[in-house]
Amino acid sequence: MARPFDVSAVEKKWQACWLDEGTYDVDNDDERERYYALCMYPYPSGPAHQGHIRNYTFGDLVVRYQTMRGKAVLSPFGFDSFGLPAENAAIKAGSHPRLFTEARMAELKSSVRRLGAAYDWRREVYSHDPNYMRWSQTFFLAFLEAGLAYRAEATVNWCPGCATVLANEQVLSDGTCERSGDLVQRRDLEQWFFKITDYAEELLNDIDTLEWPDRVKTMQRNWIGRSEGVEFDLALQGDHSRALRVFTTRPDTGFGVTYAVVAPEHPMLWDLVTDSERESVTGLVERASLASELERTASSDAGGGLDKRGAFTGSFVVNPFTQQSVPVYVADYVLGTYGTGAIMAVPAEDERDFAFATLHALPIVRTTQPPDGHGDGPYSGEGQHINSGFMDGMDVATAKIAATQYLEKNAHGVKKVNYRLRDWLVSRQRFWGCPIPVVYCDTHGIVAVPLDQLPIVAPDDVVMDKTGQSPLATHEGFRNTTCPICGGPARRETDTMDTFTDSSWYFLRYTDPFTSDRAFDPVEAAKWMPVDQYIGGIEHAILHLLYSRFYLKALVDIGVAPGLAREPFKRLFTQGMIRLDGSKMSKSKGNLIAPEEYYDTVGADGLRLFHLFVGPPADDVDWTDQTEEAIEGCARFLDRVYRLSHYDECFFHDEITLDDEEVRREVHRTIAKVTDGFERWSYNTCVAAIMELLNTISRWARRTEGAHRATLDESLDILLRLLAPMTPHVTAELWEERHPGEPGVHATTWPEADPTLVAHSSVVMVVQVNGKVRARLNVSPDITEADATAAALADADIVNFLKGATPSRVVARPPRLVNIVL
RNA sequence: GCCCGGGUGGCGGAAUGGCAGACGCGGAGGACUCAAAAUCCUUUGCUCGAGAGGGCGUGCGGGUUCGAGUCCCGCCCCGGGCACCA
């Protein structure tokens, strides 16, 4: 489309200006009020796509708006530059992940620069920078020393496609890898873990203090999965010196326990199995251990959990409430990794137990009275206790307390809190990540690499193939080393750290990236932290956002970040996704729409305005056939702004007329609307309000009766300032034309609405009869209820409409509405 | 199955219990032009009507209210999250 000005030239000019002059560089000794605005640092996958553009457009609006509000705004940029895609691509192309990654970083940076977003580029960080790795490794060792990092053998998630283990958080609920989509396998391996479970309670409680979307908060609460209950003993029938320990959240249903179940991995299992049952139990356990997590957990779907595989162990335990002996089963619906790995089963009040009991013909005893009409199925809701001895008649909460006391006295019962959250598995058997800085010595075992030898950087001449072992393991020069303690032969850890460890602290490095003798100065970091506004995609709702919260808490506790607030991100905004043909836009789907083609036509400003205008920022955007036209519409609006600013046929008069006054009022009302919209993240309505203002000014300036010069100048100046955080280039250009030699539009302050002008001098009051609008009257905004009623009833149209009928009621809501009810 | 969102013109969307459809896209008509593009103006929920004007209308069915897109109850559909965690 033809533009009234050279968009590319204008945008290049201002981008160069901001960069050369370091307009958005901010120093740590800045005395203005501070504001830390941050977009999640990207994985460098190539040129920016529309998701990035959307993210950085919102971020830049916040940065420029808060700057105009007089704050010192920290706005850094960097790259989450370690990761599997680079390694896989490098294997394919016979290149090195670093070369590949740095080429992608350059591409992304170039397209981000052309967006014209304001960043302090001096603070740029990237994960694979040895200067950054040094501190990633230092933190690992600090965690190790504090007992927060440990090595253990465990059943872990192995992704065959990625040729590495994964954290629980990276496995989707259907048992596939969130990255490659491969079915994740279970393997018993010795791996490094971070003790995130130590922080489960605090991670859960502090969610309440965060200004985050409820959706994200709920997801994190569910992920942590706190449950309160009792752990107690079920004594073995015939040998009361031994017992099966179980966990339950419903001790009150104890009288309904008709059997018990242990997980196939339970350590006591083979003590319980009698000779006659050995064969069937062996078969069951073998099947369970071969089955993938998916098969084991997803089999309950359709038939309401009828597929409950299990076998009798041959042993019995005593129900401590009824003193009756009940059979012990082994079944794969009980998990070895949660609670005690064994449960008391109450079929009448638990769906899973009900399904199992039905299948295996076990007795079902109700202990809670279900509501009328509930039927024979399991019932786990509120109700009076029945068949429950001393708890009969109690409600669930009261019975829980009574049952807990009973178990404490009679069955070694202890109140217990369990979490679904597991420790964070951080080992990865891949090359392109931060090496774990420990060595293994035959004499001294696990030995930390001395801090002065950090960073441990992987050598370049490594054969990278996906063998299931870290590529570093085959590099003799890297692998073989000496023990820092005894100098004897030792071997290096060859696994690398999960890349989520890198992204768990980058926001701290941004606050003080200039120092080389430590990761950051806690005093400098404390000036900026916590991040005032964090912006990113919903896909990080659990992974990155939970890990970062854990990191900061741990870093504060171990003395790396003393004095910092314990939460990294005060406010979080999660933007919607861009969809093409209904599916998420992503490089792997090959459906990216690059911004470059728009930069040359509608400009970065046009594209930015589109992203702001298309809908609520939190909503997904469908990229359709009509999107091109919508983007052009945004560019057209900017052209109209440009033309109005250059309009030189205006006839001016000296007196301020009523029309001029009304324009001033519109201008100030728009200030109020846009300011409010900015605070509420309602950017689409802000754009609409500014468009309306332009229409008003434009029509008024073209009138033959003329316009008041000072009013036109004020109006245009305010319009440019309101628009400046959204479309920074064109507004900077027009402002410079209008105010040569003065500070630029981005250095001006955010306009303030004059309350006396925002108020309306007269308003339209609607008059309804039985809820339908029958007349409109111009009234004073402070009309009284009586006057409003009188005016409504006196109106000619209303009188005519009523035809003498007497209203039964008149509801007046001055000054907006009067409703006459017949 | 459970927990969140959401359902408004041809399309994206707006609307603190008070004029439904702001703003934009698209469409229609007009001005300018030799012509086109660009620009500017008018118009644009559906429907009945020549017109004035009327009726209907925010997924469906009820309810509360003088008044409901908005609040309550029960459904339907779409999207997302969780899913044997005892």
Side-chain angles (χ1 to χ4, degrees), chain A residues 1-4 172-174 213-219 221-223 225-227 229 246-250 253 261 296-302 304-305 307-308 331-335 337-346 349-353 355-356 380 418-422 538 541-542 577 579 582 609-610 613-616 618-622 624-634 636-637 639-640 643 682 684-692 694-695 698-699 702 764-773 776 807-813 816-822:
Chain A
M1 59 190 284
R3 306 291 301 265
L172 303 180
S173 56
D174 65 355
D214 286 338
R215 191 156 61 121
V216 178
K217 295 209 256 187
T218 304
M219 282 166 74
R221 285 193 192 103
N222 290 342
W223 187 262
R226 182 183 198 272
S227 63
V246 296
F247 172 74
T248 181
T249 56
R250 290 295 303 275
T253 61
V261 189
R296 195 165 149 188
T297 60
S299 57
S300 61
D301 270 359
D307 187 16
K308 295 266 179 264
D332 63 4
Y333 82 92
V334 171
L335 304 177
T337 47
Y338 184 80
T340 61
I343 62 157
M344 64 174 219
V346 189
E349 272 98 30
D350 182 285
E351 259 183 62
R352 299 152 298 179
D353 297 345
F356 189 87
S380 57
N418 270 317
Y419 301 91
R420 209 187 79 112
L421 181 72
R422 313 282 164 81
I538 186 78
I542 294 178
M577 293 185 311
R579 292 179 196 275
L609 195 65
F610 164 75
F613 185 53
V614 68
D619 287 7
D620 289 350
V621 177
D622 274 308
T624 68
D625 299 346
Q626 287 136 35
T627 301
E628 291 303 315
E629 279 140 353
I631 294 173
E632 282 181 15
C634 290
R636 196 146 54 218
F637 165 72
D639 290 348
R640 294 184 64 210
R643 284 199 203 93
S682 180
N684 52 328
T685 57
C686 293
V687 176
I690 297 174
M691 286 175 168
E692 274 184 274
L694 180 84
N695 291 341
S698 188
R699 270 197 294 267
R702 287 166 200 274
V764 175
M765 182 176 80
V766 303
V767 182
Q768 298 179 334
V769 177
N770 286 338
K772 297 207 171 177
V773 180
R776 294 183 167 80
S808 64
R809 184 175 171 188
V810 178
V811 181
R813 289 286 176 276
R816 310 188 62 161
L817 164 142
V818 172
N819 189 11
I820 299 164
V821 187
L822 294 180

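Throughout, a chain's letter reflects where its sequence line sits, starting with A, and its residues are numbered from 1.
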Legend entry - Check: A/Gly771 main-chain N/O paired with A/Asn819 side-chain donor or acceptor under 3.5 Å: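 Yes; at least one donor-acceptor contact below 3.5 Å.
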Inset, instruction - Mark yes or no for whether A/Arg250, through its side chain, and A/Ser380, through its backbone, hold a donor-acceptor pair below 3.5 Å. - result: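 Yes; at least one donor-acceptor contact below 3.5 Å.
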Could you state the atom-to-atom distance from [atom1] of [X] to [atom2] of [N] in whole Å?
| X | N | atom1 | atom2 | answer |
| --- | --- | --- | --- | --- |
| A/Leu817 | B/rA68 | CG | C1' | 14 Å |
| A/Asn222 | B/rC84 | CG | P | 13 Å |
| A/Leu335 | B/rC84 | CG | P | 8 Å |
| A/Asp214 | B/rG5 | CG | P | 8 Å |
| A/Trp223 | B/rC82 | CH2 | P | 7 Å |
| A/Arg643 | B/rU39 | CZ | P | 6 Å |
| A/Arg813 | B/rG18 | CZ | P | 11 Å |
| A/Leu421 | B/rC82 | CG | P | 14 Å |

When both hydrogen-bonding distances must be under 3.5 Å and the geometry is Watson-Crick or G-U wobble, what is [N] paired with, if anything?
| N | value |
| --- | --- |
| B/rC23 | B/rG12 |
| B/rA28 | B/rU42 |
| B/rA37 | none |
| B/rC82 | B/rG1 |
| B/rU64 | none |

Distance between [atom1] atoms of [N] and [M] (Å, rounded):
| N | M | atom1 | answer |
| --- | --- | --- | --- |
| B/rA68 | B/rG55 | P | 16 Å |
| B/rG9 | B/rG69 | C1' | 14 Å |
| B/rG51 | B/rC25 | C1' | 33 Å |
| B/rC56 | B/rG62 | P | 16 Å |
| B/rG26 | B/rG21 | C1' | 16 Å |
| B/rU70 | B/rG17 | C1' | 7 Å |
| B/rA37 | B/rA22 | C1' | 30 Å |

Inset, instruction - For B/rG9, measure the glycosidic angle (O4'-C1'-N9-C4 for a purine, O4'-C1'-N1-C2 for a pyrimidine) and name it syn if it falls within 90° of 0, otherwise anti. - result: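 Glycosidic conformation of B/rG9: syn.
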Under 4.0 Å, counting only non-hydrogen atoms across every strand here, what does [X] touch: a base, just sugar-phosphate, or nothing?
| X | answer |
| --- | --- |
| A/Pro4 | nothing |
| A/Arg422 | base |
| A/Asn819 | base |
| A/Val821 | sugar-phosphate |

Legend entry - Within-4.5 Å side-chain heavy-atom neighbours: A/Pro616 and A/Asn684: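 Result yes, sub-4.5 Å side-chain heavy-atom pair found.
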Inset, instruction - Check whether any side-chain heavy atom of A/Ile343 lies under 4.5 Å from a side-chain heavy atom of A/Tyr333, and answer yes or no. - result: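 Answer yes - side chains close enough.
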Between [X] and [N], is there a contact of a side-chain N or O with OP1 or OP2 at under 4.0 Å?
| X | N | value |
| --- | --- | --- |
| A/Asn770 | B/rG67 | no |
| A/Ser227 | B/rA86 | yes |
| A/Lys772 | B/rC56 | yes |

Inset, instruction - Among the candidates B/rC41, B/rA86, B/rA14, find the nucleotide nearest to the side-chain atoms of A/Arg699. - result: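 Of the options given, the side chain of A/Arg699 lies nearest B/rC41.
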Inset, instruction - Would you give the length of the straight line joining atom SG of A/Cys634 to atom CE of A/Met691, rounded to the nearest 0.5 angstrom? - result: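 Taking SG in A/Cys634 and CE in A/Met691, the distance rounds to 5.0 Å.
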Legend entry - OG1-CG distance between A/Thr249 and A/Asp350, expressed to the nearest 0.5 angstrom: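 Answer rounded to 0.5 Å: 8.5 Å.
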Legend entry - Residue whose closest nucleotide on RNA chain B lies nearer the 5' end, A/Arg702 versus A/Gln768: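 First, find each residue's nearest nucleotide; the 5'-ward one identifies A/Gln768.
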Legend entry - Given RNA chain B, 5'-ward residue of the pair A/Arg816 and A/Arg250, judged by closest heavy atom: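 Closer to the 5' end of RNA chain B: A/Arg816.
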Inset, instruction - Kindly indicate, with the supporting measurements, whether the criterion side-chain contact (heavy atoms from CB on, under 4.5 Å) is fulfilled by A/Met344 and A/Thr253. - result: CA-CA 10 Å; A/Met344 64 174 219; A/Thr253 61; 3.6 Å; yes
Show the nearest heavy-atom pair for residues [X] and [Y], with the distance to one decimal.
| X | Y | answer |
| --- | --- | --- |
| A/Tyr338 | A/Arg422 | CB-NH2, 4.4 Å |
| A/Phe247 | A/Gly339 | CB-CA, 4.5 Å |
| A/Ala345 | A/Asp353 | CA-OD2, 3.3 Å |

Legend entry - Check: A/Arg640/A/Asn695 side-chain N/O donor and acceptor closer than 3.5 Å: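 Present: a donor and an acceptor within the cut-off.
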Mind listing the N/O atom pairs, protein and nucleotides 6-9 of chain B, below 3.5 Å?
none

Legend entry - Pair of N/O donor and acceptor under 3.5 Å linking B/rG5 base with A/Arg215 side chain: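 No.
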Give every pair of a protein N or O atom and an N or O atom of nucleotides 24-31 of chain B that lie under 3.5 Å apart, one pair per line with the distance.
from   : atom 1 : to       : atom 2 : distance (Å)
B/rG24 : OP1    : A/Asn695 : ND2    : 3.3
B/rC25 : OP1    : A/Arg636 : NE     : 3.3
B/rC25 : OP1    : A/Arg636 : NH2    : 2.7

Legend entry - Within 6.0 Å of CZ in A/Arg215, more than 12 heavy atoms from elsewhere: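 Check fails, neighbour count at 12 or below.
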